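Got a structure for you, questions after.
This one's a predicted model, so the numbers in the text were calculated from it and none came from an experiment. Along the sequence shown, residues carry numbers from 1.
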Amino acid sequence: MANTTFNGPVRAEGGFKQITKNATTGAITDNYVVDSNGRSTLTGNTIATTAGTGITTGTGTVYAASVIKTGGIFHTSILIDLTGLASSGSGDIIGKAATANSHVGQITAANNGTILTGQWSVYEAPATGDPDIDFWYADEATGTEDAAITGLTNQTQLMNNGDLTAGSIDYFTAGTVPAADKYLYLVTGAATDGNYSAGRLLIEMWGYDA
């Protein structure tokens with residue numbers, strides 16, 4: 001389809017869509033939508049890989065993620081309600097009990113930029129499961145709940161802040177950020193064997209075009 005240039009406003013009662021068409025299947029993905037009420041949705045802005053099934057299949061668990069690029073800054077957000085996930089021994093991966101692929105997403109330079117810094121905000125303290133939660137990354141997506149994070153390859157701790165409390169904001173350890181193409185994990189800092197009944201976190205990362 002040829003490019004079209006307009007002189008004046010473009011108007012549509014039914015809204016607008018910017019799409020991507022899969023070259024093989026022809027499937028259409030809506031990337032940017034303005035609905036008939038003028039509300040915008042950036043459906044194409046996401047992390048490279050959504051959370052694994054060890055997170056998304058938890059009963060009552062909430063997971064949502066987005067990426068917004070403004071100018072040269074990428075802002076990645078991951079919102080999680082821990083309800084329905086499980087914790088176990090110290091240093092073990094958090095996720096749905098005994099379930100593989102318990103990562104909370106993958107970072108890539110193309111989707112998230114080169115990460116410079118990050119933090120998380122605690123809006124509801126974790127309950128029933130271990131309140132001492134650390135943030136790690138590793139090469140593999142396959143990490144299983146109740147397995148040690150140190151069993152994965154090139155595992156690196158991003159945050160170690162003790163028990164999480166409502167209203168707290170904790171930052172990545174100085175000089176430590178997720179490397180490109182790594183998978184992110186929540187990991188127990190102490191040994192509490194239980195299923196979470198509460199715990200709401202917003203993880204945020206800022207990146208740039210390298």
d(Thr29 OG1, Lys21 NZ) to nearest 0.5 Å is 12.0 Å
**Transitive ILVMFWY side-chain link Tyr63 to Leu186, under 4.5 Å** =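 Same cluster.
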CG of Leu85 to CG of Asn195, rounded to nearest 0.5 Å, is 8.5 Å
Item to check | Smallest separation among heavy atoms of Ala180 and Ala109, with atom names | outcome: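 Between these two residues, the closest heavy atoms are CB-N, 4.4 Å.
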Check Asp92, Thr192, Ile94 against Asp130 for a side chain to side chain contact (heavy atoms under 4.5 Å, CB included) and give me the one that passes.
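Only match with Asp130 under side chain to side chain contact (heavy atoms under 4.5 Å, CB included): Thr192.
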Is there a path from Phe16 to Tyr32 through hydrophobic residues (I, L, V, M, F, W, Y) whose side chains come within less than 4.5 Å of each other?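 Yes, Phe16 and Tyr32 fall within the same hydrophobic cluster.
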For Lys182, the salt bridge (charged side-chain N to carboxylate O under 4.0 Å, His left out) test, sequence neighbours excluded, returns Asp139
I want to check something: taking the side chain as every heavy atom from C-beta on, are Met159 and Asp134 in contact at a cut-off of under 4.5 Å?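 Met159 does not reach Asp134 side chain to side chain.
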dist Leu116:CG -> Phe172:CZ (nearest 0.5 Å) comes out at 10.5 Å
- Task: Look at the side chain of Glu145 and the backbone N and O of Ala98, then say whether any donor-acceptor pair between them is shorter than 3.5 Å.
- Result: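 Judged by distance alone, yes, a pair lies under 3.5 Å.
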d(Asp209 CG, Lys69 NZ) to nearest 0.5 Å is 3.5 Å
* In this structure, are over 12 heavy atoms from other groups packed under 6.0 Å from Asn37 atom CG? -> yes
Q.
Holding to side chain to side chain donor-acceptor pair (under 3.5 Å), I want the full list of residues that pass it with Ser168, two or more places apart in sequence or in another chain.
A.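 Scan of Ser168 (side chain to side chain donor-acceptor pair (under 3.5 Å), adjacent residues dropped) gives none.
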**OP:** Report yes if the side chains of Thr117 and Tyr171 come closer than 4.5 Å at any heavy-atom pair, otherwise no.
**Re:** no
Result for side chain to side chain contact (heavy atoms under 4.5 Å, CB included) between Leu82 and one of Val62, Thr128, Thr61, Ile133 points to Ile133
**Q.** Short side-chain to backbone donor-acceptor contact, Thr188 and Gly91, under 3.5 Å
**A.** yes
More than 12 heavy atoms of other residues, nucleotides or ligands under 6.0 Å from CD1 of Ile73: is that the case?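 Result for CD1/Ile73: open.
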What one should report as the nearest heavy-atom pair of Glu124 and Ala166 is CA-CB, 4.4 Å
Apart from Tyr183 itself, members of its ILVMFWY cluster (side-chain separation under 4.5 Å) are Ile93, Trp136, Ile149, Leu152, Tyr185, Val187
### Query
Is the side chain of Thr173 donor-acceptor paired with the backbone N or O of Leu158 at a distance under 3.5 Å, no angle test?
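Looks like yes, one N/O pair under 3.5 Å.
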Next on the checklist: For Ser102 versus Gly54, what's the shortest heavy-atom pair and its separation?
Outcome noted: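 Smallest heavy-atom distance, with atoms named: OG-CA, 3.3 Å.
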Within the 4.5 Å heavy-atom criterion, are Met205 and Asn112 side-chain neighbours or not? no
Test item: Asp81 side-chain N/O and Thr83 main-chain N/O as donor-acceptor pair under 3.5 Å: yes
(Q) Measuring from atom NZ of Lys96 to atom CG of Asp146, what distance do you get when rounded to the nearest 0.5 angstrom? (A)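 Between atom NZ of Lys96 and atom CG of Asp146 there are 15.0 Å.
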message: Less than 4.5 Å apart, side chain to side chain, heavy atoms only: is that true for Phe74 and Thr114?
response: no
**Asked** In terms of hydrophobic clusters joined by side-chain contacts under 4.5 Å, are Leu184 and Leu79 together?
**Response** no
Report yes if the side chains of Leu201 and Phe135 come closer than 4.5 Å at any heavy-atom pair, otherwise no.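 Result no, sub-4.5 Å side-chain heavy-atom pair not found.
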query: Less than 4.5 Å apart, any side-chain heavy atom of Leu164 and any of Pro131?
result: no
- prompt: So do the side chains of Tyr137 and Ile107 get within less than 4.5 Å of each other, counting heavy atoms only?
  reply: no
| task | Flag the pair Glu204 / His75 as yes when at least one side-chain heavy-atom distance between them is below 4.5 Å, and no otherwise. | result |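 Heavy-atom side-chain distance check passes, below 4.5 Å.
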(message) Give me the atom names and distance for the closest heavy-atom approach of Ser77 to Leu202.
(response)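 Minimum heavy-atom contact is CB-CD1, 4.2 Å.
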Indicate whether the side chain of Glu140 and that of Thr153 have a donor and an acceptor atom separated by less than 3.5 Å.
yes
Quiz item: Which atoms form the tightest heavy-atom contact between Ser90 and Gly189, and what is the distance?
Solution: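 Heavy atoms only, the tightest pair is OG-O, 3.3 Å.
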